[in-house]
Amino acid sequence: MERRNFIKYNSLAVAGVLSSSVFNGAFAATTFVSKRPPVGKRNFSSKAVEETILMVKKAISNPELAWMFENCFPNTLDTTVDFSTASGKPDTFVITGDIHAMWLRDSTAQVWPYLSLVKDDEQLDRLFQGVLHRQAKCILIDPYANAFNKEATGSEWESDDTDMKPELHERKWEIDSLCYPVRLLYNYWKTTGNTACFTEEWHSVFRSILTTFKKQQRKLDKGDYHFTRVTHKPTDTLCCRGFGNPVNPVGLIVSAFRPSDDATIYPFLIPSNYFAVTSLNQIAEMAEDRYKDQKLADEARQLAGEVAAAIEKYAIAEREDFGKVIAFEVDGFGNRLFMDDANIPSLLALPYLGAMELTNPLYQNTRNLVLSEANPWFFKGKAGEGIGGPHVGADMIWPMSITMRAMTSTDDEEIISSIRTLLKTHAGTGFMHETFHKDNPENFSRSWFAWANTLFGELILKLYHSRPELLKKI
């Protein structure tokens with residue numbers, strides 16, 4: 001089974017979503033039936049989340065938008081979390097949706113939109129503690145793995161030529177796999193003030209992250225990670241005996257794969273290096289404040305500064321019509337790839353991840369580039385426009401790129417236009433998908449992709465708090 005399954009739906013497949021309508025590109029009915037599982041069949045229920053859904057729905061004028069928010073916002077809790085207790089500690093295993101495995105990236109992103117609600121819901125707070133406990137356990141099993149099984153059951157990828165273990169679902173080295181859990185721990189601490197999650201396991205995780213990042217700077221040699229797979233997809237394996245294309249060790253960190261789980265072309269993936277700088281500074285603060293480990297804090301800050309300086313020197317260049325912009329990937333030899341991929345971290349998402357100020361001219365120039373035809377993975381068609389990526393292929397737009405465009409915009413019309421595109425491209429299902437065809441939203445991939453659903457819910461919740469008047473205009 002591949003990371004993303006490609007699924008096509010026709011109008012018959014989505015008929016009956018509405019109480020009195022057949023989907024034909026527009027909705028004739030005004031009554032929308034919830035697509036959530038029945039209450040007794042939901043994986044997890046949160047009083048704070050349910051109250052938020054009711055509160056936000058009342059502020060939305062468009063019934064279709066309100067219906068989609070109700071379907072999407074709780075989708076992670078409804079369908080993907082497995083919450084229990086292990087050795088007296090909360091333990092939360094989070095699948096992505098239609099793939100029964102836990103990605104470090106996705107599991108953070110899926111629960112992230114509920115973080116502001118944990119102070120109002122003790123059980124939701126325990127669920128977050130469980131995610132953090134599980135993530136620390138996973139990283140200590142293998143810091144290079146991107147996805148894990150709940151138990152040591154092996155996977156269909158165990159024949160990959162890399163150091164597979166039975167606990168691993170997949171072992172693609174991606175910088176962001178280590179950054180996302182740090183982001184969750186740091187912001188959980190800052191949001192709640194709760195220090196219970198600062199265990200010795202997390203102290204060890206911080207050391208492991210620093211060691212892994214330094215190894216993947218590849219200053220001395222190619223490091224201890226390699227990966228090849230027998231596959232017909234070139235983006236699913238690494239060239240050069242599993243080490244990827246050559247790099248010049250200039251201080252940046254190699255990411256063998258992108259957050260799409262596709263192999264990098266130039267191994268210094270710049271959005272992920274920006275994310276690493278943010279995470280390293282957060283590690284430094286936590287090491288200093290919670291563990292009184294000044295040595296670890298100093299090492300983390302030094303590495304963050306080194307990576308930031310290398311980004312400045314090797315990843316920024318002048319582009320005609322755009323000015324100074326950030327490259328997507330570089331190799332340290334002077335080669336740069338100018339594009340963006342919909343998966344996050346992306347160049348578009350840098351402010352969302354706390355890696356760059358939204359008002360920074362460098363970001364704005366880069367944003368203009370990646371949201372234009374100068375980005376080879378930006379598509380515009382009859383159904384809408386947005387960023388895609390090699391993972392699914394040409395002409396397939398990722399809804400999360402449209403959501404992120406709205407999340408990083410200060411322009412009311414751009415935000416409204418983005419949401420209207422999402423409204424008309426869900427193919428009558430009431431959920432976000434991995435991708436849809438630029439000319440035909442009924443041609444889409446992944447009908448159950450929780451990250452995209454909860455990210456959409458996060459956008460609507462953000463607007464409710466920051467621009468509530470827009471929810472009345474759509």
Side-chain angles (χ1 to χ4, degrees), residues 105 108-110 112-113 115-116 175-176 179-184 186-188 190-191 255 258-260 269-282 285 304 307-308 311-312 315-317 319 322-329 338-372 374-375 377-378 385-387 389 398-419 422 451-452 454-467 470:
R105 169 184 54 256
T108 294
Q110 285 169 240
W112 180 264
L115 181 56
S116 64
I175 290 173
D176 68 281
C179 296
Y180 269 105
V182 171
R183 183 181 198 232
L184 188 64
Y186 180 82
N187 284 280
Y188 172 80
K190 291 296 183 177
T191 299
S255 190
R258 299 169 178 171
S260 59
L269 178 60
I270 297 306
S272 293
N273 272 265
Y274 269 111
F275 199 7
V277 171
T278 301
S279 297
L280 285 165
N281 283 320
Q282 290 172 345
E285 184 179 343
V307 175
I311 291 172
E312 184 75 23
I316 297 170
R319 280 290 299 266
F322 296 100
K324 282 189 175 181
V325 298
I326 308 165
F328 184 67
E329 291 174 0
F338 293 97
M339 58 163 279
D340 204 14
D341 190 292
N343 282 265
I344 303 164
S346 61
L347 293 172
L348 181 64
L350 289 176
Y352 171 77
L353 295 172
M356 182 172 284
E357 289 295 326
L358 185 65
T359 55
N360 188 320
L362 180 62
Y363 171 73
Q364 288 297 324
N365 290 348
T366 305
R367 190 178 193 276
N368 290 337
L369 187 152
V370 303
L371 291 173
S372 77
N375 174 10
W377 295 100
F378 179 81
E385 64 179 42
I387 300 170
W398 291 64
M400 70 164 57
S401 78
I402 301 170
T403 302
M404 189 49 57
R405 181 174 187 169
M407 293 280 277
T408 56
S409 178
T410 57
D411 183 273
D412 288 356
E413 289 308 311
E414 184 178 30
I415 295 168
I416 290 172
S417 176
S418 296
I419 293 174
L422 294 171
W451 181 10
T454 44
L455 183 66
F456 171 78
E458 181 183 356
L459 168 63
I460 302 305
L461 183 59
K462 177 187 176 183
L463 293 178
Y464 173 81
H465 289 297
S466 63
R467 278 180 159 86
L470 298 191

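Computed over heavy atoms, backbone and side chain alike; hydrogens, waters and symmetry mates excluded.
- Applying the side-chain hydrogen bond (donor to acceptor under 3.5 Å, both in side chains) test to W377 and every residue at least two apart in sequence or in another chain returns nothing.
- Using a 4.5 Å cut-off on side-chain heavy atoms (C-beta onward), V277 and N281 make contact.
- When the side chain to side chain contact (heavy atoms under 4.5 Å, CB included) test is applied to T454, the partners found at least two apart in sequence or on another chain are T76, Q110, P113, Y114.
- Scanning for salt bridge (Lys or Arg N to Asp or Glu O under 4.0 Å) contacts around K324 gives an empty result, with sequence neighbours left out.
- Put simply, the side chain of T403 gets close to the backbone of P399: a donor and an acceptor are under 3.5 Å apart.
- Take E413 and apply the side chain to side chain contact (heavy atoms under 4.5 Å, CB included) test, not counting sequence neighbours, and it matches D411, I416.
- Atom OG of S466 sits about 7.0 Å away from atom CD1 of I415, to the nearest 0.5 Å.
- Applying the 6.0 Å contact sphere to CD of E414 captures more than 12 heavy atoms from other residues, nucleotides or ligands.
- Atom CZ of R405 sits about 11.0 Å away from atom CG of L422, to the nearest 0.5 Å.
- One distance of note links CZ of R319 with CZ of F338; it measures 5.5 Å at 0.5 Å rounding.
- The closest side-chain heavy-atom distance from M339 to E329 is not below 4.5 Å.
- In this structure, R258 contributes its side chain and S272 its backbone to no donor-acceptor pair below 3.5 Å.
- Between I387 and L371 the shortest side-chain heavy-atom distance falls below 4.5 Å.
- In this structure, the salt bridge (Lys or Arg N to Asp or Glu O under 4.0 Å) partners of D176, at least two apart in sequence or on a different chain, are R105.
- Test V307, I175, L353, L350 against Y274 for side-chain contact (heavy atoms from CB on, under 4.5 Å) and you get one pass: L350.
- You'll find the side chain of P259 reaches within 4.5 Å of the side chain of L269, heavy atoms only.
- When the side chain to side chain contact (heavy atoms under 4.5 Å, CB included) test is applied to N187, the partners found at least two apart in sequence or on another chain are W112, L115, R183, Q282.
- In this structure, the side chain of S346 does not engage the main chain of D340 through any donor-acceptor pair within 3.5 Å.
- Between F328 and I270, every side-chain heavy-atom pair lies at or beyond the 4.5 Å cut-off.
- Across all non-hydrogen atoms, the minimal contact from Y352 to L455 is OH-CD1, 3.7 Å.
- A donor-acceptor contact shorter than 3.5 Å links the side chain of N368 to the backbone of Q364.
- In this structure the side chain of I419 never reaches within 4.5 angstrom of the side chain of L470, judged on heavy atoms.
- Side-chain contact between I344 and Y180 is present, with heavy atoms from C-beta onward closer than 4.5 Å.
- Considering OG of S409 and CZ of R367, their distance stands at 5.0 Å, rounded to 0.5 Å.
- Here the side chain of S260 pairs no donor or acceptor atom with the backbone of N343 at under 3.5 angstrom.
- The shortest non-hydrogen separation linking F378 to S372 is CB-O, 3.3 Å.
- Rounding to the nearest 0.5 angstrom, the gap separating the CG atom in N360 from the OG1 atom in T366 is 8.5 Å.
- Judged by distance alone, with hydrogens and angles left aside, the side-chain atoms of Y363 form a donor-acceptor pair with the main-chain N or O of L348 at under 3.5 Å.
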